[in-house]
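Source: prediction; values computed, not measured. Computation of the quantities below employed the complete heavy-atom set of this structure, encompassing side-chain atoms and omitting hydrogens, waters and symmetry-equivalent molecules.
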Amino acid sequence: MPLGGRIQFGPACCRPPSLAAASPLSSPATSPRSISISTSNSCGFSRRGARKKRRCISWTVSAATPADMATNSGSALTKLAPLEAILFDIDGTLCDSDPIHFCAFRDLLQQVGFNDGVPITEEFYSATISGGHNDDLARALFPDMDHQKAMQFMDDKEALFRKLAPGQLKALDGLHELCGWIEGRNLKRAAVTNAPRANAELMLSLLGLTDFFPVLVIGPECDRAKPFPDPYLKALQLIDASPEHTFIFEDSASGVRAGVAAGVPVVGLTTRNPGKVLKDAGASLLAKDFQDPALLSVLQEIEPAAANAQG
């Protein structure tokens, strides 16, 4: 199917794929039609480890032991006291949205004959697409195509994401408890994302966080998007926060690098990306979600001054 017009959304997304392992592109210039595919019975986008229902962890009690903290100390974070502000990525950080993005990409790429019509896999998506900026992805996925047509594909993909998200998007474990902790201490905050504005606003609305964030910074609306520091530097300026008393939540290597380049410590959430990838990008602390005992312990150490807290 040519990319000149709007793509018609196919039948239900997340159909069980018949093929499941693809090699990532070796570079943005590599033709996607040279991908090596092998067969498997994999079905859908798997979670890194089974998610279990847990009781709410108190935000006033530290559950981590010295042994837990030995290899994940977050020492750069403890120097931030008293804490003044927290900045958040959205996709994969506030919510585990990658499965929805994966389904949208997989179905629409198959419709346009990408990789000879063989569905992309989770491995290919994670290595090549996840966390990328749409302009860069359009060039990487369709290096030989007119860029305007390639960007039309990206617009169609984002429209499909917005169609699917209302029935599937869920907050990361512990998010709303953390938001209450932040509000109770009158901490400054902002959401900083490479997602299109329409996507970002929809996700914040679905999560009930539209009013929680007084500032929303859209990477593509800055001079340079992540992995450059511009979006985070803009957020710090808009909320009048010091990088010496602020940290960032991110889930991608690109986002971690952006935060580090802005001079702000980053907590890497291992929602989808391996901890080593986030550590190598410069994350100061790793956490599986907002209830992670290592994170709770660090938050206790960097409590804001009592004069800053509300009530």
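- For the residue pair D156 / Q152, a side-chain donor-acceptor distance below 3.5 Å is found, with atom types taken as modelled.
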### Message
The test is side-chain contact (heavy atoms from CB on, under 4.5 Å); show your working for F290 and L269 and say whether it passes.
### Response
CA-CA 8 Å; F290 297 113; L269 290 165; 3.7 Å; yes
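- Contact annotation: the side chain of R189 approaches that of F212 to within less than 4.5 Å [non-hydrogen atoms, C-beta and beyond].
- Following chains of ILVMFWY side-chain contacts shorter than 4.5 Å, one can reach M151 starting from L137, so the two form part of one hydrophobic cluster.
- E84 contributes a side-chain N or O that, together with a main-chain N or O of S242, makes up a donor-acceptor pair within less than 3.5 Å.
- The main-chain N or O of I90 is never found under 3.5 Å from a side-chain atom of T93 such that the two would form a donor-acceptor pair.
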### Task
List the steps and the verdict of side-chain contact (heavy atoms from CB on, under 4.5 Å) for Y232 and V264.
CA-CA 9 Å; Y232 280 119; V264 183; 5.7 Å; no
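- Placement of L285 and V277 in two distinct hydrophobic clusters is found when ILVMFWY residues are connected by side-chain heavy-atom separations under 4.5 Å, directly or transitively.
- Without hydrogens or angle criteria, D251 side chain to T271 main chain gives no donor-acceptor distance under 3.5 Å.
- D135 has a carboxylate O that lies under 4.0 Å from a charged side-chain N of R139, or vice versa, which qualifies the two as a salt bridge.
- At a threshold of 4.5 Å between non-hydrogen side-chain atoms, the residues L169 and S97 count as touching.
- Here the side chain of D292 pairs a donor or acceptor atom with the backbone of A294 at under 3.5 angstrom.
- Ion pairing between R272 and D96 holds under the 4.0 Å rule for side-chain N and carboxylate O.
- Residues F228 and L278 do not share a hydrophobic cluster, defined by chaining ILVMFWY side chains whose heavy atoms lie under 4.5 Å apart.
- Annotation: side chain of L87 is not in contact with side chain of F249 (no heavy-atom distance under 4.5 Å).
- Looking at heavy atoms from C-beta onward, S252 lies in side-chain contact with N273 at the 4.5 angstrom threshold.
- Between F153 and F105, the ring-plane angle classifies as tilted under the 30° and 60° cut-offs.
- Checked by atom type and distance alone, the side chain of N115 never pairs as donor or acceptor with a backbone atom of G117 at under 3.5 Å.
- Ring pair F88/F213 is perpendicular by interplanar angle, where above 60° counts as perpendicular and below 30° as parallel.
- Cluster membership for I302 and L295, using ILVMFWY side-chain heavy atoms within less than 4.5 angstrom, is shared.
- Of all heavy-atom pairs spanning V217 and P231, the tightest one is CG1-O, 3.6 Å.
- With contacts defined as side-chain heavy-atom distances shorter than 4.5 Å, the pair K279/L286 qualifies.
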Taking distance alone, no hydrogens or angles, what donor-acceptor pairs closer than 3.5 Å link side-chain atoms of residues 192-201 to residues at least two apart or in another chain?
from	atom 1	to	atom 2	distance (Å)
T193	OG1	A195	N	2.9
N194	OD1	K226	N	3.2
N194	ND2	K226	O	3.1
R197	NE	E221	OE2	3.0
R197	NH1	E201	OE2	3.4
R197	NH2	E221	OE1	2.9
N199	OD1	R162	NH1	2.6
N199	ND2	E158	OE1	2.5

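- With K188 contributing its side chain and D240 its backbone, the two residues share a donor-acceptor pair below 3.5 Å.
- Geometrically, R106 does not engage Y125 in a cation-pi contact defined by less than 6.0 Å to the ring centre and at most 45° from the axis.
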### Message
With side-chain contact (heavy atoms from CB on, under 4.5 Å) as the criterion, how do F247 and L83 come out once you've worked through the C-alpha distance, each side chain's angles and the decisive distance to 0.1 Å?
### Response
CA-CA 8 Å; F247 74 88; L83 185 62; 3.7 Å; yes
